Amino acid sequence: MPEVHTRGGARIRYDDVGQGEPALLFIPGWCTTRASFQKLLPRCSAFRRVLSVDIRGHGESEGGGTDFDSTTVLEDLLAVVEASGAQHIVPVAMSHAGWWGLDLRRALGPARVPRMVLLDWIATEPTPAFLRAVRGLQTERWSEVRDGLLQGWLEGLDDDAIRRFVRDDMGAFDEAMWARAGREIEAAYAREGSPLRALAALEPMPLTMHLYARPESHDYLAAQVDFGAEHPGFHVLKLPATSHFPVLEVPAMVAAGIEALVSAREVPIHASAVPA
């Protein structure tokens, strides 16, 4: 398995499969691993090169033995990109890993990061309930808050295998990592306002696709459709999935959406919803 040595002595490990550029860079969110892309990796690598990373302190990547923040993770991801030799990448970012996708675009520029895929992220400003949750992860109530988040993310899902995987994968992380996740996610929204606002500030804005299943809210979808009307490079696709993990529920649809964005000469598809 390829690996790079980064700041603090951490070793960052990743899969490198398939061929062709731009290469997809799969980035899992906080408190999950690259195993969450297990159903997507073979589908996407059939068409192009895929780099699938375990971020610092997650999965098979080492943490370096000290506290770290989002800036450190960004440095690790940049080291992976440079070690891979990929000249053009498309971040495929799960949930709050989208902040690293935005930072990669800022660091490498539009020529090297021309497009971006976001997976089930809170694209608008976060709700007060969500902010209370990320703050709760930083308290002695962290395990209660984590369990509530997992329950909400899996609500209505009948697939026991996915439920077990998510609970085993995300439930394996300790108090320190969940608190770090809460701290960094809260800080990102405080700094940026919302992912849509941050996207709009990029010059030029990358061609971007948001593939998501949650929440089931007409207003949430409408806000993104309206944003896409003002910023033609942004596209949103509401997937017929139940949980916060469409990458596990409907991987074929996610892979098709990614390939549509990456291979399109201009506009891949209009902002829309896939009916359940």
Side-chain angles (χ1 to χ4, degrees), residues 26-40 54-59 63 67-70 73 92-101 118-195 210-217 219-221 224 238-239 241-250 254:
F26 286 1
I27 316 172
W30 288 101
C31 298
T32 188
T33 70
R34 76 185 195 285
S36 55
F37 292 113
Q38 59 185 286
K39 296 182 179 181
L40 193 61
D54 271 330
I55 67 170
R56 176 179 291 243
H58 293 61
D67 190 18
F68 60 92
D69 58 16
S70 292
V73 175
V92 177
M94 184 175 292
S95 192
H96 302 290
W99 296 119
W100 296 316
L118 310 173
L119 302 175
D120 222 77
W121 196 10
I122 300 175
T124 56
E125 292 187 4
T127 65
F130 177 78
L131 291 177
R132 285 194 298 271
V134 295
R135 290 165 186 157
L137 291 172
Q138 303 170 63
T139 72
E140 67 280 355
R141 295 178 51 251
W142 74 275
S143 62
E144 175 187 343
V145 175
R146 175 205 60 195
D147 291 347
L149 287 170
L150 290 180
Q151 181 178 353
W153 292 336
L154 294 169
E155 185 177 0
L157 180 67
D158 294 329
D159 191 316
D160 289 337
I162 294 178
R163 295 179 74 92
R164 283 193 301 271
F165 170 78
V166 170
R167 285 171 174 161
D168 290 346
D169 186 60
M170 302 193 77
F173 290 91
D174 62 12
E175 177 181 1
M177 193 64 78
W178 280 99
R180 184 177 295 114
R183 180 191 74 198
E184 295 300 309
I185 293 168
E186 180 183 10
Y189 280 105
R191 180 178 65 250
E192 306 279 5
S194 74
H210 184 205
L211 302 166
Y212 83 100
R214 291 283 191 95
E216 289 286 350
S217 166
D219 290 345
Y220 181 63
L221 177 59
Q224 295 178 81
K238 174 71 171 64
L239 297 168
T242 302
S243 74
H244 178 45
F245 305 96
V247 70
L248 295 170
E249 282 192 75
V250 289
V254 173

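Keep in mind that what you see is a predicted model, and the values were worked out from it rather than measured. Both backbone and side-chain heavy atoms feed into the values below; hydrogens, waters and symmetry mates do not.
Residues Trp100 and Ile55 approach most closely at CH2-CD1, 3.5 Å, considering heavy atoms. When all heavy atoms of Pro195 and Tyr189 are compared, the closest pair comes out as CD-CE2, 3.7 Å. Taking each heavy atom of His96 and Phe130 in turn, the nearest pair found is NE2-CZ, 3.4 Å. For Pro126 against Gly193, the heavy-atom pair with the smallest separation is CD-O, 3.9 Å. Contact between Val247 and Met94 at its shortest, heavy atoms only, is CG1-CE, 3.4 Å.
Checked by atom type and distance alone, the side chain of Glu186 never pairs as donor or acceptor with a backbone atom of Arg183 at under 3.5 Å. A donor-acceptor pair under 3.5 Å links the side-chain atoms of Tyr220 to the main chain of Ala123, judged by distance alone. Arg34 places no side-chain N or O within donor-acceptor distance of the main-chain N or O of Gly59, the cut-off being under 3.5 Å. With Asp169 contributing its side chain and Ala172 its backbone, the two residues share no donor-acceptor pair below 3.5 Å. Checked by atom type and distance alone, the side chain of Asp120 pairs as donor or acceptor with a backbone atom of Arg214 at under 3.5 Å. For Glu249 (side chain) and Ser243 (main-chain N/O), a donor-acceptor pair under 3.5 Å exists by modelled atom type.
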Checklist entry - Where do Trp178 and Val145 land on the side chain to side chain contact (heavy atoms under 4.5 Å, CB included) test, with the steps shown first? => result CA-CA 10 Å; Trp178 280 99; Val145 175; over 6 Å; no
Next on the checklist: The test is side chain to side chain contact (heavy atoms under 4.5 Å, CB included); show your working for Trp30 and Ile185 and say whether it passes.
Outcome noted: CA-CA 9 Å; Trp30 288 101; Ile185 293 168; 3.9 Å; yes
Item to check | CA sep, side-chain torsions, deciding dist, call: Val166, Leu157, side chain to side chain contact (heavy atoms under 4.5 Å, CB included) | outcome: CA-CA 12 Å; Val166 170; Leu157 180 67; over 6 Å; no
Next on the checklist: Between Phe173 and Thr33, does the side chain to side chain contact (heavy atoms under 4.5 Å, CB included) criterion hold? Intermediate values first, please.
Outcome noted: CA-CA 10 Å; Phe173 290 91; Thr33 70; 4.0 Å; yes
Next on the checklist: Please determine whether salt bridge (Lys or Arg N to Asp or Glu O under 4.0 Å) holds for the pair Glu216 and Lys238, giving the CA-CA distance in whole Å, both sets of side-chain angles, and the decisive distance to 0.1 Å.
Outcome noted: CA-CA 9 Å; Glu216 289 286 350; Lys238 174 71 171 64; 3.0 Å; yes
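The shortest distance between side-chain heavy atoms of Lys39 and Ile162 falls below 4.5 Å. Between His58 and Met177, some side-chain heavy-atom pair lies under the 4.5 Å cut-off. No side-chain heavy atom of Trp99 sits less than 4.5 Å from a side-chain heavy atom of Glu184. Side-chain contact between Leu149 and Leu137: present, with at least one pair of heavy atoms (C-beta onward) separated by less than 4.5 Å.
The NE2 atom of His244 sits 6.5 Å away from atom CE of Met170, with the distance rounded to the nearest 0.5 Å. One distance of note links CG of Asp174 with SG of Cys31; it measures 8.0 Å at 0.5 Å rounding. The structure places CG of Leu150 at 13.0 Å from CD of Glu155, a figure rounded to the nearest 0.5 Å. Considering OG1 of Thr124 and CG of Leu221, their distance stands at 11.0 Å, rounded to 0.5 Å. Between Trp142 atom CH2 and Asp147 atom CG the span is 8.0 Å, to the nearest 0.5 Å. Atoms OG1 and CG, on Thr242 and Asp158 in that order, are 7.0 Å from each other to the nearest 0.5 Å.
Taking the six-membered ring where the residue is Trp, the centroids of Phe245 and Phe165 are separated by 6.0 Å or more.
The environment of CG in Asp168 is crowded: more than 12 heavy-atom neighbours from other residues, nucleotides or ligands sit within 6.0 Å.
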